[in-house]
Enquirer: 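Okay, handing you the structure first.
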Amino acid sequence: MEPFNEMIDTTEAVVAPTRIGRPRWFTTPSGRESLWGVVFIGPWIIGLVLFTAGPMIASLILSLTNFDLVHPEAVRFVGLDNYVRMTSDPNVLKSLVVTFKFALFAIPLTMVASLGFALLLNSPKLFGRNLFRTLFYMPIQIPLVAGTLVWIGFLNPNTGWMNAILNFFGIPGPDWLNSTTWIYPALSLIGLWGIGNFMLINIAGLQSVATEMYEAARIDGAGAWTMFRRITIPLMSPILLYNLVISLIVTFQYFTQAYTLTNGRGDPDNATLFINLVLFREAFQYSKMGYGAAIAWLLFALVLILTLALFAFARKKVYYAGTDR
């Protein structure tokens, strides 16, 4: 027995340094996969910390100060004064009303139009579907400023093609960009120029619906509207919720088109004074970076609350495959 014990001791003496030199988790396949996962996700984590989380924390700190770009040396901590000031600032309150009014008009139009174009371009009866999909997606590649300038000419009440088309059919064209009544429809039309992403996502959702379900519904005598309402919409509900959330976020970040149209003035009669435009004025035109950061956090809180409310509302309305809902 003694020679056998000596052999065991000798083996442990040889193996022990190997265990100390290389961690056990590294020698297993799952450990190596985890290490490579950290390596590949590392650049994203670094970017998140440096370019997203870092600036967010900095803006939160700035929102608690009176930081002025013109006099940075006079910065001091003011606590919640910037947030209290927003409650009595008429421009902030007015811009919130303007943003909500535009969202109520633009978001439903975007959702309906993107789904409608997706249904059209996914139809097997449409000739040249791939060509039309490319044409409908191409405008999103055009920079927003250039596209907005094109639309300014297109909606010109005197020389624009839109009113020329309406006049051809005997319909008097409105003053799209200088009327408080027509400015939101005009901005919504400009927004339709860039629904290519939403359209493609909807097409992908339509193509994920099993054709067997439509065939079974036809055998049971269901019509096109019934199949759309009972099959297409429920099975596409996760896609529609995603598009709705993204559309909400994009609408509350609305800035470039409104700034290009009026050079930041908010015309006509402050109808385009969106919350992001007020933020830009305070932070970069008036150099009140602390107050501008507070407005940015107000916008963040509003979008977060609305997004959470959408998810709560959709909890029992959205169908996810593989679940009991």
Side-chain angles (χ1 to χ4, degrees), residues 104-144 146-148 150-151 154-155 160-171 173 176 184-251 310 314 317-323 325:
L104 291 174
F105 192 95
I107 292 177
L109 180 61
T110 300
M111 294 294 294
V112 172
S114 60
L115 181 58
F117 283 126
L119 289 168
L120 174 65
L121 298 177
N122 193 54
S123 174
K125 298 180 181 180
L126 179 65
F127 178 77
R129 285 185 300 170
N130 293 335
L131 174 62
F132 282 111
R133 288 175 187 176
T134 303
L135 292 176
F136 275 92
Y137 183 79
M138 280 180 62
I140 203 173
Q141 303 299 321
I142 300 175
L144 280 177
T148 303
V150 171
W151 274 95
F154 184 77
L155 297 176
W161 288 9
M162 187 67 177
N163 281 2
I165 295 172
L166 293 176
N167 291 332
F168 178 80
F169 291 100
I171 303 173
W176 294 95
Y184 295 144
L187 292 176
S188 299
L189 283 175
I190 297 174
L192 293 181
W193 181 257
I195 62 171
N197 276 342
F198 296 129
M199 180 195 69
L200 285 184
I201 294 171
N202 282 330
I203 290 176
L206 290 171
Q207 293 179 348
S208 67
V209 179
T211 56
E212 292 83 358
M213 301 190 69
Y214 292 116
E215 294 171 358
R218 290 192 189 95
I219 293 174
D220 291 337
W225 171 248
T226 301
M227 289 189 291
F228 175 75
R229 188 165 57 93
R230 297 291 187 179
I231 298 176
T232 305
I233 294 298
L235 293 181
M236 279 194 60
S237 54
I239 302 295
L240 297 176
L241 176 62
Y242 172 82
N243 282 343
L244 179 59
V245 171
I246 298 301
S247 181
L248 173 71
I249 295 172
V250 170
T251 302
L310 278 178
K317 303 292 184 181
V318 176
Y319 170 80
Y320 294 98
T323 65
R325 291 189 286 123

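The shown structure was predicted, so the numbers you read here are calculated from the model rather than taken from an experiment. Side-chain atoms are counted along with the backbone in the values below, which use heavy atoms only and exclude waters and symmetry mates.
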Enquirer: Indicate the atoms forming the closest heavy-atom contact of Thr232 with Leu206, along with that distance.
Expert: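 Shortest heavy-atom contact: CG2-CD2, 3.5 Å.
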Enquirer: List the atom of Ala222, the atom of Met227, and the distance in Å for their closest heavy-atom pair.
Expert: CB-CG, 4.0 Å
Enquirer: Looking at Asn122 and Ala118, would you say the former's side chain and the latter's main chain have a donor-acceptor pair under 3.5 Å?
Expert: no
Enquirer: Can you see which heavy atom on Gly191 is nearest to which on Ile195, and at what distance?
Expert: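 Looking at all heavy atoms of both residues, the shortest contact is O-CG2, 3.7 Å.
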Enquirer: Mind running side-chain contact (heavy atoms from CB on, under 4.5 Å) on Phe132 and Leu120 for me, showing each step along the way?
Expert: CA-CA 10 Å; Phe132 282 111; Leu120 174 65; over 6 Å; no
Enquirer: Let me confirm one number: the OG1-CZ distance from Thr211 to Arg218, rounded to the nearest 0.5 Å.
Expert: 8.5 Å
Enquirer: Quick check for you: to the nearest 0.5 Å, what is the distance between Leu109 atom CG and Ser114 atom OG?
Expert: 9.0 Å
Enquirer: Can you check whether Leu192 reaches Leu189 side chain to side chain, under 4.5 Å on heavy atoms?
Expert: yes
Enquirer: I need the Leu126 CG to Leu119 CG distance, nearest 0.5 Å.
Expert: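 Going from CG on Leu126 over to CG on Leu119, the span is 12.0 Å.
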Enquirer: What is the distance from atom CG of Asn163 to atom CG of Leu155, rounded to the nearest 0.5 Å?
Expert: 8.0 Å
Enquirer: I need the minimum non-hydrogen distance between Gly147 and Ile142, along with the two atoms involved.
Expert: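 The pair with the smallest heavy-atom distance is N-CG2, 3.9 Å.
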Enquirer: Where do Phe228 and Leu115 land on the side-chain contact (heavy atoms from CB on, under 4.5 Å) test, with the steps shown first?
Expert: CA-CA 12 Å; Phe228 175 75; Leu115 181 58; 4.0 Å; yes
Enquirer: Is the Phe117 ring parallel, tilted or perpendicular to the Phe136 ring (thresholds 30°, 60°)?
Expert: tilted
Enquirer: Taking the side chain as C-beta and beyond, is there a heavy-atom pair between Val209 and Tyr214 under 4.5 Å?
Expert: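 The answer is yes; the side chains approach within 4.5 Å.
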Enquirer: Does CZ belonging to Arg230 count more than 12 external heavy atoms closer than 6.0 Å?
Expert: no
Enquirer: How far apart are the closest heavy atoms of Gly194 and Ile140, and which atoms are they?
Expert: O-CD1, 3.9 Å
Enquirer: Output the distance between atom CD1 (Ile201) and atom CE (Met199), rounded to the nearest 0.5 Å.
Expert: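 Separation between the atoms: 10.5 Å.
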Enquirer: Can you list the steps and then say if Leu187 with Phe105 is a side-chain contact (heavy atoms from CB on, under 4.5 Å)?
Expert: CA-CA 10 Å; Leu187 292 176; Phe105 192 95; over 6 Å; no
Enquirer: What is the minimum heavy-atom distance between Ser237 and Pro234, and which atoms define it?
Expert: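 Distance-wise, the nearest heavy atoms are OG-O, 2.6 Å.
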Enquirer: Decide yes or no for Asn202 and Leu240: does some side-chain heavy atom of the first lie under 4.5 Å from some side-chain heavy atom of the second?
Expert: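 The answer is yes; the side chains approach within 4.5 Å.
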Enquirer: Asn197 versus Tyr137: any side-chain heavy-atom pair under 4.5 Å?
Expert: yes
Enquirer: Could you check whether any side-chain N or O of Ser247 sits under 3.5 Å from a backbone N or O of Leu244, counting only pairs where one atom can act as donor and the other as acceptor?
Expert: no
